[in-house]
K.L.:
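Sharing a structure, written as structure tokens. Questions coming.
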Amino acid sequence: MTYAYLADEDGGWGEIRYDRKQDTFEIVKLADWDLMISHPFAKQAKRAIRKMAHAQKLANEALVPWSE
């Protein structure tokens with residue numbers, strides 16, 4: 001499955017591909033304003049996707065508040 005995420009409301013969307021069977025992620029495209037080296041917003045999105053997958057509740061859309 002491919003998920004879109006947004007780092008800042010003024011920027012472009014990023015894409016993350018998730019393979020549920022292997023529990024792996026691939027960042028297809030970083031969102032605008034996501035830092036190139038650490039990409040904290042992509043990491044936050046991956047944590048949220050994995051949490052939903054393990055709870056058997058993968059959603060078509062989800063709003064995940066930022067937390068460090």
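Everything quoted here is computed from the prediction, not taken from an experiment.
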K.L.:
Restricting to side chain to side chain contact (heavy atoms under 4.5 Å, CB included), what partner residues turn up for K43, sequence neighbours left out?
P.N.:
H39, R47
K.L.:
Got a donor-acceptor contact below 3.5 angstrom from the D34 side chain to the A42 backbone?
P.N.:
yes
K.L.:
Side chains of residues 25-32: which donor-acceptor pairs under 3.5 Å do they make with residues two or more places apart or in other chains?
P.N.:
unit_1, atom_1, unit_2, atom_2, d
E26, OE1, R17, NH1, 3.3
K29, NZ, W13, O, 3.3
D32, OD2, G12, N, 2.8

K.L.:
Less than 4.5 Å apart, any side-chain heavy atom of Y18 and any of T24?
P.N.:
no
K.L.:
Applying salt bridge (Lys or Arg N to Asp or Glu O under 4.0 Å), name anything that partners D19, two or more places apart in sequence or on another chain.
P.N.:
none
